[in-house]
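Every heavy atom of this structure was used, including side-chain atoms; hydrogens, water molecules and symmetry mates were not. Computed from a predicted model, the values in this text were never measured in an experiment.
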Amino acid sequence: QKRFYRQRAHANPFSDHTLDYPKSPQHIDWHAHYPGVAPGKKPEFADIGCGFGGLSISLAPLFPDTLILGRVLLLGIKALAGLLSGMEIRVQVSQYVKDRITALRTANTGDPKAHYQNVSIVRANAMKFLANYFEKASLSALFFLFPDPHFKVRKHKARIISPTLLAEYAFVLRPGGIVYTITDVKDLHDWMRTHLENFPLFEPVSEEELRAEGKGEIVDAVYTSTEEGKKVERNKGEKWLACFRRIEVPR
């Protein structure tokens, strides 16, 4: 229960948090994160700032053969398609997601689809160490769901979408991979969309195109699976979705 995992809502991504991170992607033992999956598989979906893991948990049964990673960090990372992974920086939040995954694995032992062996989480700072976890062109999806808007102008440098960070995201995404962004803050939506439109390695892709390509279940999860998304619905607020495809540049 979340009430036993109290945590501040925000963490400073520029602080020197006490984090363990690999020297390079070759130094990660992913099998330790996904013990129920055959060795050698690596995450394909990454949820940046996964929070309480709503997206990863929702996608796990839909993609039983995909590893999903959730990352609890100042920003979080969650990986899908192959394995699902979450990244989150806040200690208590990441511990909650880890305990939640353990409980789901135990409760669903023997279920060939909803086994939750394909979802995990790491505590990390995606703004600093993304390339320490993921090899070049290894991911097929990156998720930025309801990120911290950092309303003050002097705080805009801490936003998870920026020209510098987009170069990192383009590096770990394979050609054809999708960046999913959603927020209930129009100013932040315009910021993320404009930066992605202006970056030469991404092109916009509409919700209709994604659904036509069979990614409708992912889009639905992006809209409704997170704590923030459900809160916006309860308050009858508006959600702004923007998705972009990693393009391949001929050399």
Side-chain angles (χ1 to χ4, degrees), residues 43-51 55-56 58-59 63 66 68-71 75-82 84-87 126-127 130-131 133-150 156-226 228-229 238-251:
E44 288 189 43
F45 288 16
D47 184 14
I48 308 297
C50 64
L55 178 70
S56 294
S58 296
L59 291 176
F63 299 87
T66 293
I68 304 172
L69 178 67
R71 184 171 184 172
L75 307 168
I77 274 189
K78 200 171 352 184
L80 216 97
L84 299 144
S85 172
M87 302 184 94
M127 289 181 73
L130 185 69
Y133 285 88
F134 302 114
E135 298 174 351
K136 179 180 180 180
S138 62
L139 299 178
S140 60
L142 276 170
F143 299 88
F144 303 91
L145 311 188
F146 302 96
D148 192 333
H150 293 291
H156 284 180
K157 62 185 178 182
R159 286 180 169 178
I160 191 59
I161 297 293
S162 69
T164 302
L165 291 173
L166 286 177
E168 298 282 321
Y169 306 148
F171 176 80
V172 299
L173 266 180
R174 65 188 56 156
I178 305 295
V179 171
Y180 297 84
T181 76
I182 191 169
T183 179
D184 59 329
V185 179
K186 182 60 164 58
D187 173 69
L188 179 60
H189 166 73
D190 292 338
W191 168 283
M192 295 191 293
R193 178 178 50 79
T194 300
H195 278 77
L196 280 156
E197 286 176 344
N198 292 336
F199 198 83
L201 293 179
F202 292 106
E203 64 179 8
V205 54
S206 68
E207 179 180 339
E208 292 71 27
E209 289 178 272
L210 291 173
R211 292 187 181 278
E213 295 172 6
K215 297 182 174 66
E217 290 179 316
I218 298 177
V219 174
D220 291 338
V222 166
Y223 270 115
T224 63
S225 66
T226 65
E228 295 87 349
E238 190 166 1
K239 302 175 187 177
W240 305 88
L241 176 76
C243 302
F244 288 78
R245 195 189 309 276
R246 168 71 158 88
I247 65 173
E248 185 169 10
V249 178
R251 301 286 181 181

Tyr169 vs Ile160, side-chain contact (heavy atoms from CB on, under 4.5 Å): CA-CA, chis, key distance, verdict
CA-CA 11 Å; Tyr169 306 148; Ile160 191 59; 3.2 Å; yes
Evaluate Arg245 against Glu213 for salt bridge (charged side-chain N to carboxylate O under 4.0 Å, His left out), listing each step before the verdict.
CA-CA 13 Å; Arg245 195 189 309 276; Glu213 295 172 6; 2.7 Å; yes
With side chain to side chain donor-acceptor pair (under 3.5 Å) as the test, would you mind laying out the steps for Glu209 and Ser206 before giving the verdict?
CA-CA 5 Å; Glu209 289 178 272; Ser206 68; 3.2 Å; yes
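Classification of the Tyr180-Phe143 ring pair by plane angle, with boundaries at 30° and 60°, yields parallel.
A donor-acceptor pair under 3.5 Å is formed between the side chain of Arg159 and the backbone N or O of Pro149. When atom types are taken as modelled, the side chain of Lys239 and the backbone of Ile182 share no donor-acceptor pair closer than 3.5 angstrom. At least one donor-acceptor pair under 3.5 Å links the side chain of Thr181 to the backbone N or O of Ala242. Proximity of a side-chain donor or acceptor of Thr194 to a complementary backbone N or O of Asp190 within less than 3.5 Å is detected. One N or O on the side chain of Arg246 and one on the backbone of Ala170 form a donor-acceptor pair closer than 3.5 Å.
Residue-environment remark: NZ (Lys186) exceeds the threshold of 12 foreign heavy atoms within 6.0 Å. Within a 6.0 Å radius of CD in Glu203, more than 12 heavy atoms belonging to other residues, nucleotides or ligands are found.
Atom CG of Leu196 is separated from atom CG of Leu201 by 11.0 Å, given to the nearest 0.5 angstrom.
Scanning all heavy atoms of the two residues, the minimum distance from Ala221 to Ser225 falls at O-OG, 2.6 Å. Heavy atoms only, all atoms of each residue included: Ile161 and Trp191 are closest at O-NE1, 2.8 Å. Taking all atoms of both residues into account, the shortest heavy-atom contact from Thr183 to Met192 is CG2-CE, 3.9 Å. Of all heavy-atom pairs spanning Phe202 and Leu173, the tightest one is CE2-CD1, 3.8 Å.
A salt bridge links Asp220 with Arg211; the closest basic N to acidic carboxylate O contact falls under 4.0 Å.
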